[in-house]
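Keep in mind it's a predicted model, so treat the numbers as computed, not measured.
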Number of protein chains: 2
Amino acid sequence: MTREAPGNLGLVGGEGIETCFERWREAGHDMNRCPVRDVLDHIGDKWTTLVLTVLAGGPHRFNALDRMIPDISKRMLTQSLRNLERDGIVERTVYPTKPPSVEYKLTPLGVSLTGPLHELIRWAEDHHEEIRSGRSRYDAENAA
Amino acid sequence: MTREAPGNLGLVGGEGIETCFERWREAGHDMNRCPVRDVLDHIGDKWTTLVLTVLAGGPHRFNALDRMIPDISKRMLTQSLRNLERDGIVERTVYPTKPPSVEYKLTPLGVSLTGPLHELIRWAEDHHEEIRSGRSRYDAENAA
DNA sequence: CCGCATCCGTAACGATACTG
DNA sequence: CAGTATCGTTACGGATGCGG
């Protein structure tokens, strides 16, 4: 028992939440490519979650997405969509109309993501005020 | 009906997943401070999720965390912990021993986060290989 | 309509050295 | 032991303009 306070999770059930990168390290892999980072990096960047959120509502065309996410730039929208497409989360379909139209929709893999993601967003909404007030208090205490 | 393809969510139940920032915008608030961004910004940064993951296993001291997350620097560990403390997700307790020891543990708010977070991590583990192979295929196709 | 290319400022991150 | 301070680099993101 080399680890201190190995503890037990207060979680639902099954194995520990940290097994994910524990296993990764023990397997001698690059820590930067453990599943948590590989997936959460995308979740965490500024726009991907928002794009996913919109696409969960149904397929949309490029400019529709652009309008629905008011302050995103075309550059960032493209980049986010490309990453999601690369990961197999979003499917891109080009209709050779004139002018061309491109539709983006979630793949089955993408749909399977919406569940967990929704949970997290729900949590964010539910506790947003609590967090904001906590921050104010913290900042006030450390103003002196 | 100004929006195209308003669609319906294939989600569990309740209101749409995108209501979160829809409401935010309609209320005339700053989009950068909608709940999704306010919370997910932290989830997404390089270390916070990992720290949370470890703390879900029980309280730990600073250097213990440092050792358990092999490639984190003290600087980043401190920063991540401070942010989490500020948000009321982590509690910092100083024991005035000599030398001093500081313990970090999840608050009730933090514990409530572990559920949704765990779901997401589980998803990441389950689909990691699928994503990686998808990337390889995508990259191969776009190599020409 | 749907992008891509370029430039550029900022902020995140990493490494290192130092303190109570 | 538990941090802080400083510096350099790199990656992210915004603005703009062009092309198919």
Side-chain angles (χ1 to χ4, degrees), chain A residues 4-5 30-34 36-38 40-51 54-55 59-86 90-105 142, chain B residues 4-5 30-34 36-38 40-51 54-55 59-86 90-105 138 142 144:
Chain A
E4 28 183 313
D30 179 7
M31 283 297 288
N32 282 2
R33 285 292 164 255
C34 80
V36 181
R37 284 267 255 303
D38 239 18
L40 278 306
D41 274 3
H42 293 315
I43 303 302
D45 69 36
K46 198 171 181 183
W47 302 108
T48 310
T49 306
L50 254 22
V51 172
V54 173
L55 284 179
H60 289 288
R61 293 174 49 184
F62 186 86
N63 275 0
L65 291 169
D66 199 21
R67 278 191 300 276
M68 295 172 75
I69 308 174
D71 50 353
I72 198 175
S73 66
K74 287 174 190 291
R75 173 163 148 57
M76 283 298 109
L77 181 54
T78 301
Q79 197 173 99
S80 304
L81 287 168
R82 282 297 175 284
N83 280 330
L84 289 169
E85 190 193 355
R86 193 170 103 99
V90 157
E91 187 188 338
R92 178 172 177 270
T93 315
V94 182
Y95 296 101
T97 58
K98 190 165 126 54
S101 78
V102 180
E103 187 189 75
Y104 293 92
K105 61 177 290 197
N142 294 56
Chain B
E4 27 182 314
D30 179 9
M31 284 297 291
N32 282 0
R33 285 290 164 256
C34 78
V36 181
R37 286 270 250 310
D38 239 18
L40 277 306
D41 274 4
H42 292 316
I43 302 302
D45 70 36
K46 198 170 181 185
W47 301 108
T48 310
T49 306
L50 255 22
V51 172
V54 172
L55 284 178
H60 291 286
R61 295 173 49 181
F62 186 87
N63 275 358
L65 291 169
D66 199 21
R67 276 191 301 276
M68 294 171 79
I69 308 175
D71 50 353
I72 198 175
S73 65
K74 287 174 191 291
R75 176 166 145 59
M76 284 298 110
L77 180 55
T78 301
Q79 198 173 97
S80 305
L81 287 168
R82 284 295 179 283
N83 281 330
L84 289 169
E85 190 193 356
R86 191 171 104 99
V90 157
E91 188 187 339
R92 177 172 177 271
T93 314
V94 182
Y95 297 101
T97 56
K98 189 165 131 44
S101 77
V102 179
E103 186 190 76
Y104 293 92
K105 61 178 288 198
Y138 183 92
N142 294 54

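- The nearest whole Å value for the distance from the CE atom in B/M76 to the P atom in C/dG14 is 6 Å.
- Summary of the strand contacts: B/I72 and A/V102 both lie near DNA chain C, and taking for each the nucleotide with the nearest heavy atom, the more 5' one is attributed to A/V102.
- Comparing B/Y104 and A/Q79, the nucleotide of DNA chain D nearest to each residue sits closer to the 5' end for B/Y104.
- When the P atom of C/dC1 is taken as reference, atom CG of A/L77 falls 14 Å away, rounded to whole Å.
- Using a 4.5 Å heavy-atom threshold, the side chains of B/V51 and B/Y104 count as separate.
- In this structure, B/Y138 and A/N83 have side chains that are not in contact, with every pair of non-hydrogen atoms separated by 4.5 Å or more.
- What separates NZ of A/K74 from C1' of C/dT6 is a distance of 17 Å, to the nearest Å.
- Under a 3.5 Å cut-off, the side chain of B/T48 and the backbone N or O of B/I43 do not form any donor-acceptor pair.
- Side-chain contact between A/K46 and B/L40: absent, with no pair of heavy atoms (C-beta onward) separated by less than 4.5 Å.
- Per the geometry, CG belonging to A/L81 stands 11 Å off C1' belonging to C/dG3, to the nearest Å.
- D/dG3 atom C1' lies 15 Å from atom CG of A/N142, rounded to whole Å.
- If you check every strand for non-hydrogen atoms under 4.0 Å, B/S101 touches sugar and phosphate atoms only.
- The minimum heavy-atom distance between A/R61 and A/P100, with the atom names listed, is NH2-O, 4.4 Å.
- Atom CG in A/D41 sits about 11 Å away from atom P in D/dG13, given to the nearest Å.
- Put simply, B/R75 has no side-chain N or O that comes within less than 4.0 Å of OP1 or OP2 on C/dA17.
- Interatomic distance, NE2 of B/H60 versus CG of B/L55, reported as 6.5 Å (0.5 Å rounding).
- Spacing between atom CG of A/N63 and atom P of C/dC2 amounts to 4 Å, rounded to whole angstrom units.
- DNA chain C is contacted by A/R92, A/P99, A/P100 of residues 90-100 of chain A, taking any non-hydrogen atom closer than 4.0 Å.
- Listed nucleotides C/dG14, D/dA2, C/dG3 differ in distance to B/K46; the shortest reach to its side chain belongs to C/dG14.
- In this entry the distance linking CH2 of A/W47 with P of D/dA11 reads 22 Å, nearest Å.
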Decide side chain to side chain contact (heavy atoms under 4.5 Å, CB included) for A/L65 and A/F62; before the verdict, give the C-alpha distance in whole Å, the side-chain angles of both, and the deciding distance to 0.1 Å.
CA-CA 5 Å; A/L65 291 169; A/F62 186 86; 5.7 Å; no
